[in-house]
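So the structure is just underneath, and the comments pick up after that.
So that the names make sense, note that chain A is the first sequence line, chain B the second, and so on, each numbered from 1.
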Protein chains: 2
Amino acid sequence: MQQPTEGELAILSVLWRLGGATVREVNDRLNDDSDKPIGYTTTLKLMQLMADKGLVSRDTSSRSHVYTAIAGRERTQQGLLRRFVDATFGGSRTQLVLRALGESNATPDELAEIKRLIEELEKEENHA
Amino acid sequence: MQQPTEGELAILSVLWRLGGATVREVNDRLNDDSDKPIGYTTTLKLMQLMADKGLVSRDTSSRSHVYTAIAGRERTQQGLLRRFVDATFGGSRTQLVLRALGESNATPDELAEIKRLIEELEKEENHA
DNA sequence: AAATATATACGAAAGCATTCGTAGTTGCAA
DNA sequence: TTGCAACTACGAATGCTTTCGTATATATTT
């Protein structure tokens, strides 16, 4: 599965949230969040290209085609994360985490959740 | 300070390691790690553009100009991280961290270091 | 039925990063 | 001093993503 570009990722994010959506719906969502408005045909074109690449499927049975993400969210995030860590932190996920936590405004709950995960990982270590 | 592109970041990484370096030195390093060789003039051009953008400074007193990073490593990583988290994890650093740790091969030492950081952050929480 | 709104399709332009060819310069070695 | 090696400068080509204009078809409203 090919990695999405930044524009494609924005569209995938909407599809992950909505499940399935028309170009109109996606384009509206994109323009809700966004500063600079994106033209309808721009979104359409991008989604057509994504269909060609296999990132999304589409149901063309009604006039307004309904698109659905094929690319999985976790898998896609993992792939992008790998690229980013390689380029920016020399491949060290730990460095990334340290930098991310260092300036995050993580809430106590979030910190607790991360700590819990770490403790689980440590348990796995011990079992191995 | 403008964010570097991916190619520029690769060059900055070398400069951060070496302190100051000529185009030849940077190009050699890039081609050490890399699969696909990068032409000398390609690196030269990129570094010239970086000088224009203020990402690096250069000492032109000798024939081989010596380049030095102006962009700081931590600051640059922070900036790139923010962009990435916004695009890929909807701005949630916590999500990023959870995903990064979930599949990392972090060593026990690294896990311990992250835990230590979290505990420090929790202490700060309490003080506030 | 005619006018209007909303779809898809698609070529092409625009924007940006990267790559390279080539010209011209400077140092060094034969 | 002649020639070769290494350097800078820079225009231009390439490649990729994004954006948009326009043609065309299909629904909906008046």
Side-chain angles (χ1 to χ4, degrees), chain A residues 2-14 20-31 33-68 71 76 79-80 83-84 86-88, chain B residues 2-14 20-31 33-68 71 76 79-80 83-84 86-88:
Chain A
Q2 196 174 159
Q3 296 293 359
T5 66
E6 197 166 335
E8 291 170 345
L9 179 60
I11 290 171
L12 279 178
S13 296
V14 173
T22 62
V23 174
R24 172 74 45 200
E25 286 163 344
V26 169
N27 187 62
D28 286 352
R29 299 291 180 133
L30 291 180
N31 284 322
D33 318 326
S34 172
D35 29 344
K36 194 195 156 213
I38 300 168
Y40 175 84
T41 57
T42 301
T43 303
L44 170 66
K45 178 71 166 195
L46 224 30
M47 290 174 76
Q48 286 170 341
L49 291 174
M50 290 169 79
D52 293 346
K53 290 184 190 171
L55 291 171
V56 298
S57 65
R58 62 174 171 177
D59 174 356
T60 60
S61 60
S62 31
R63 189 164 85 102
S64 295
H65 300 174
V66 175
Y67 290 74
T68 309
T76 301
L80 294 171
R83 271 188 65 80
F84 179 72
D86 284 350
T88 310
Chain B
Q2 197 174 162
Q3 296 294 357
T5 66
E6 197 166 335
E8 290 170 347
L9 178 60
I11 290 171
L12 279 178
S13 297
V14 172
T22 62
V23 174
R24 170 78 41 203
E25 287 164 343
V26 169
N27 187 244
D28 287 351
R29 297 293 180 131
L30 291 180
N31 284 322
D33 318 327
S34 172
D35 29 346
K36 195 193 155 212
I38 300 168
Y40 175 85
T41 56
T42 301
T43 304
L44 170 65
K45 177 72 165 195
L46 224 31
M47 290 174 76
Q48 285 171 340
L49 292 174
M50 290 169 78
D52 292 345
K53 290 185 190 172
L55 291 171
V56 298
S57 65
R58 62 175 171 177
D59 174 355
T60 60
S61 59
S62 31
R63 190 164 85 101
S64 296
H65 300 173
V66 175
Y67 290 74
T68 310
T76 301
L80 294 171
R83 271 189 65 80
F84 179 72
D86 285 350
T88 310

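Put simply, CG on Asp59(B) is 16 Å from P on dC7(D), counting in whole angstrom units. Atom CG of Asn27(A) and atom P of dT18(D) are 14 Å apart (whole Å). The separation between Lys53(A) atom NZ and dC16(D) atom P is 10 Å, rounded to whole Å. Rounded to a whole Å, the OH atom of Tyr67(A) is 6 Å from the P atom of dT8(C). Between Glu25(A) atom CD and dA7(C) atom C1' there is a gap of 14 Å when expressed in whole angstrom units. As a whole-Å value, the separation of Met47(B) CE from dA17(C) P is 18 Å. Between Leu44(A) atom CG and dC20(D) atom P there is a gap of 13 Å when expressed in whole angstrom units. Rounded to a whole Å, the CG atom of Asp52(B) is 15 Å from the P atom of dT18(C).
Within 6.0 Å of the CD atom in Glu6(B), the count of heavy atoms belonging to other residues, nucleotides or ligands does not exceed 12.
The side chain of Thr60(B) contributes no N or O atom lying less than 4.0 Å from OP1 or OP2 of dT8(D). In terms of phosphate contacts, Thr22(A) brings no side-chain nitrogen or oxygen within less than 4.0 Å of OP1 or OP2 of dA7(C). For dC20(D), the OP1/OP2 oxygens have a side-chain nitrogen or oxygen of Thr42(A) closer than 4.0 Å. Between Tyr40(A) and dT19(D) there is no side-chain polar atom (N or O) within less than 4.0 angstrom of OP1 or OP2.
Thr41(A) places no side-chain N or O within 3.5 Å of a backbone atom of Leu44(A) that could act as its donor or acceptor partner. Not one N or O on the side chain of Asp59(A) forms a donor-acceptor pair closer than 3.5 Å with the backbone of Val66(A).
Of the candidate nucleotides dC7(D), dA12(C), dT8(C), dC7(D) has the atom lying nearest to any side-chain atom of Arg24(B). Listed nucleotides dA6(D), dT18(C), dA25(D) differ in distance to Arg63(B); the shortest reach to its side chain belongs to dA6(D). Considering only the side chain of His65(B), dT8(D) comes nearest among dT18(C), dT8(D), dC20(D).
At a cut-off of 3.5 angstrom, the base of dG11(C) holds at least one donor-acceptor pair with the side chain of Lys45(A).
At a threshold of 4.0 angstrom between heavy atoms, the contacts of Ser64(B) are confined to the sugar-phosphate backbone, with no base atom among them. Here Thr41(A) lies in heavy-atom contact (under 4.0 Å) with a base. Within 4.0 Å of Gln48(B), counting heavy atoms only, lies at least one base atom of the nucleic acid.
For the pairing with Asn27(A), the side chain to side chain donor-acceptor pair (under 3.5 Å) check across Thr43(A), Thr22(A), Thr42(A) returns one residue only, Thr43(A).
Nearest-nucleotide positions on DNA chain C place Arg58(A) closer to the 5' end than the other of Arg58(A) and Pro37(B).
Scanning both residues, Glu25(A) and Gly20(A), for their nearest heavy atoms gives OE1-O, 4.3 Å.
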